[in-house]
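Computed from a predicted structure; not experimentally measured. All values below were derived from every heavy atom in this structure, side-chain atoms included, with hydrogens, water molecules and symmetry-related copies excluded. By convention in this document, chain letters (A, B, ...) are assigned in the order of the sequence lines, proteins followed by strands, and residues within each chain are numbered from 1.
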2 protein chains.
Amino acid sequence: MTIPKQSARRKELTTVAAKLFKKHSFDRTTVRMLASEAGIKSGSLFYHYRNKEEILFAVIKQGLLSSLETIKKETSKAVTVEEKLQALILGQLKALHGKNKDAHIVSISEWRSLNKQSRQSLIDIRDEYEAYWQGIIDLAIAGGVLKGDAKLQKLFILGALNWTTQWYKKDHSKSIDEIAKECFESVTTGRLN
Amino acid sequence: MTIPKQSARRKELTTVAAKLFKKHSFDRTTVRMLASEAGIKSGSLFYHYRNKEEILFAVIKQGLLSSLETIKKETSKAVTVEEKLQALILGQLKALHGKNKDAHIVSISEWRSLNKQSRQSLIDIRDEYEAYWQGIIDLAIAGGVLKGDAKLQKLFILGALNWTTQWYKKDHSKSIDEIAKECFESVTTGRLN
DNA sequence: CAAATAACCAAGCAAGCGCTAGGTAATAAA
DNA sequence: TTTATTACCTAGCGCTTGCTTGGTTATTTG
């Protein structure tokens with residue numbers, strides 16, 4: 001029996017898995033928990049996936065693709081370098097806290113739970129994601145919006161944003177837009193006023 | 001039989017545990033792996049700890065205390081606000097990548113693997129750590145070295161620094177001191193030049 | 001209609017897990 | 001010299017885990 005990789009049902013199950021993996025971590029989510037949440041029996045999962053790790057693989061792939069789409073869409077409207085950087089920051093925050101957050105958060109926190117082959121086969125998407133970020137950061141530095149080493153700047157800003165997953169709750173006093181604005185102003189302070 | 005919490009042997013075992021927990025994560029480190037690394041049999045671990053989670057608790061407590069000590073020591077020499085902030089950034093990076101890094105990294109990445117009671121009993125140390133950071137950030141804002149919301153600034157900077165655990169390897173082209181310097185200049189750019 | 005396919009279930013296996021019980025040897029205390 | 005104490009080992013128990021096998025039902029296709 002062959003397992004179809006793009007069925008609609010599989011997508012549903014992957015979304016359920018993203019939710020539980022984010023809530024409990026991959027290791028602490030059992031196949032029985034996944035099945036129960038999906039309303040089926042644990043054995044039935046292996047009709048859709050070869051093994052548990054393939055479920056994680058599907059979640060992370062979905063997370064990478066959807067967040068890449070999010071930041072591209074968000075930055076597409078921007079014209080100036082300032083606008084692009086601001087949109088990129090906002091896009092990243094939306095990917096982390098918006099509709100499809102579960103899969104994206106899993107993709108950055110459970111990367112090392114994948115085996116080597118799985119990681120290798122996702123590296124193209126990851127590289128594209130990083131390259132997209134780097135492109136805008138490079139522009140910002142060339143335009144004088146940012147200063148310093150381009151790669152470090154990217155890592156600092158991405159780090160500050162990704163770290164929001166550790167403290168930002170949806171009942172926070174500030175909205176995502178406000179946090180994006182403050183982050184933008186923080187990294188570019190001085191040149192603008 | 002009662003378990004002494006402060007024996008020298010226990011400290012050794014906790015250091016071994018920190019190493020493996022950082023390398024493989026808490027969930028993927030078995031008591032047999034811990035015992036093997038320590039040169040004893042798995043059952044012997046439970047002479048020193050009540051259960052596996054208590055090992056994690058010991059690691060995290062040690063991580064919090066030693067990194068708090070590190071940043072206090074690092075900042076103690078500083079006089080001006082600029083120096084204090086710079087020292088704090090460097091101290092945090094040393095805690096993350098220096099001698100006692102294992103326990104500290106575990107303390108920020110495995111916090112949620114603790115049960116509620118364990119977390120609660122460590123919260124005082126955690127609060128002191130955050131308060132120490134907040135104190136210097138507040139000073140920096142009052143002194144005009146930083147701008148914006150004090151709490152957000154703290155979270156952004158801490159996030160950027162803690163995120164270095166995801167990408168910094170010891171064969172990196174830049175040293176810890178260089179990265180600290182660049183981070184400091186990045187968050188304070190504009191006011192100084 | 002018959003055949004194929006998709007999606008599931010029931011039952012359970014083998015391996016690995018945290019942890020325990022009872023015992024041993026070496027050192028320290030009385 | 002007896003008694004405690006410290007630090008370990010041996011052996012294995014009970015449970016959970018990911019996963020398999022063989023079968024069932026409903027829907028679609030020729």
Side-chain angles (χ1 to χ4, degrees), chain A residues 1-60 106 110 112-119, chain B residues 1-60 106 110 112-119:
Chain A
M1 131 182 61
T2 63
I3 298 178
K5 296 224 167 188
Q6 293 301 349
S7 77
R9 184 67 177 128
R10 191 176 145 126
K11 271 203 162 180
E12 289 173 16
L13 294 175
T14 301
T15 301
V16 168
K19 178 180 163 189
L20 293 196
F21 287 168
K22 185 225 157 191
K23 186 174 183 185
H24 300 108
S25 87
F26 173 67
D27 284 327
R28 297 196 163 197
T29 304
T30 68
V31 293
R32 286 174 235 281
M33 291 162 71
L34 290 172
S36 166
E37 183 81 13
I40 59 179
K41 299 295 172 180
S42 68
S44 307
L45 281 171
F46 299 94
Y47 168 79
H48 298 277
Y49 307 91
R50 257 189 294 272
N51 49 48
K52 190 190 175 191
E53 207 215 333
E54 195 176 278
I55 308 180
L56 177 61
F57 181 89
V59 169
I60 291 184
V106 170
E110 301 283 3
R112 75 172 184 170
S113 293
L114 293 172
N115 62 41
K116 272 192 181 177
Q117 300 104 292
S118 299
R119 242 176 288 175
Chain B
M1 132 182 58
T2 63
I3 299 179
K5 297 226 167 190
Q6 296 300 350
S7 77
R9 184 66 178 128
R10 190 177 146 124
K11 270 204 164 184
E12 290 174 15
L13 294 175
T14 301
T15 301
V16 168
K19 178 180 163 190
L20 292 196
F21 287 169
K22 185 225 156 192
K23 187 173 182 185
H24 299 109
S25 88
F26 173 67
D27 284 326
R28 298 196 163 197
T29 304
T30 69
V31 293
R32 284 172 237 275
M33 289 162 71
L34 289 172
S36 166
E37 183 81 15
I40 58 177
K41 300 295 173 182
S42 67
S44 308
L45 282 170
F46 299 94
Y47 169 79
H48 298 278
Y49 308 90
R50 256 188 295 271
N51 49 47
K52 189 189 174 191
E53 207 215 334
E54 194 176 279
I55 308 180
L56 178 61
F57 181 89
V59 169
I60 291 184
V106 170
E110 301 283 4
R112 75 171 182 170
S113 293
L114 293 172
N115 63 40
K116 272 193 180 176
Q117 300 104 295
S118 300
R119 242 175 288 173

Student: Does Asn115(B) offer a backbone N or O that forms a donor-acceptor pair with the side chain of Glu53(B) under 3.5 Å?
Tutor: yes
Student: Just so I know, are the side chains of Thr14(A) and Ile55(A) near enough to count as touching, which here means a heavy-atom distance under 4.5 Å?
Tutor: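 A side-chain contact is absent here, since even the closest heavy-atom pair is not under 4.5 Å.
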Student: Do Val106(B) and Phe26(B) have side-chain heavy atoms sitting under 4.5 Å apart?
Tutor: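 No; the side chains remain at least 4.5 Å from each other.
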Student: Minimum heavy-atom separation for Thr29(B) and Leu20(B), please, with both atom names.
Tutor: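 Result for this residue pair: OG1-O, 3.3 Å.
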Student: For Ala17(B) and Leu34(B), which heavy atoms make the closest approach, and how far apart are they?
Tutor: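 Shortest heavy-atom contact: CA-CD2, 3.6 Å.
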Student: So does His48(A) get a side-chain nitrogen or oxygen closer than 4.0 Å to the phosphate oxygens (OP1/OP2) of dA6(C)?
Tutor: no
Student: Just do the side chain to side chain contact (heavy atoms under 4.5 Å, CB included) check on Lys41(B) and Ser36(B) with the steps written out, would you?
Tutor: CA-CA 7 Å; Lys41(B) 300 295 173 182; Ser36(B) 166; over 6 Å; no
Student: Is it true that Thr15(A) and Glu12(A) share a donor-acceptor pair across their side chains at a distance under 3.5 Å?
Tutor: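 No, Thr15(A) and Glu12(A) have no side-chain donor paired with an acceptor closer than 3.5 Å.
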Student: Distance check needed: dT6(D) C1' versus Glu12(B) CD, whole Å only.
Tutor: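 Rounded to the whole Å, the gap is 14 Å.
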Student: Would you give a per-nucleotide map of nucleotides 12-19 of chain C, 5' to 3', where B means the base has a protein non-hydrogen atom under 4.0 Å away, S means only the sugar-phosphate does, and - means neither?
Tutor: B----BBB
Student: It should be established whether Ser44(A) places a side-chain nitrogen or oxygen under 4.0 Å from OP1 or OP2 of nucleotide dC9(C).
Tutor: yes
Student: Quick check: closest heavy atoms across Arg10(B) and Glu54(B), and the distance to 0.1 Å?
Tutor: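 Arg10(B) and Glu54(B) have their closest heavy atoms at NH1-OE2, 3.2 Å.
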Student: Tell me, which of residues 16-25 of chain B have any heavy atom that sits under 4.0 Å from an atom in DNA chain D?
Tutor: none
Student: Phosphate oxygens OP1/OP2 of dA7(D): is one of them under 4.0 Å from a side-chain N or O of Tyr47(B)?
Tutor: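 For dA7(D), OP1/OP2 do have a side-chain N/O of Tyr47(B) under 4.0 Å.
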Student: Tell me: NZ of Lys11(A) to P of dA7(C), nearest whole Å?
Tutor: 15 Å
Student: Between atom CD1 in Ile40(A) and atom P in dG18(D), what is the gap in whole Å?
Tutor: 14 Å
Student: Counting any heavy atom closer than 4.0 Å, what does Lys41(A) reach on the DNA or RNA strands: base, sugar-phosphate only, or nothing?
Tutor: sugar-phosphate
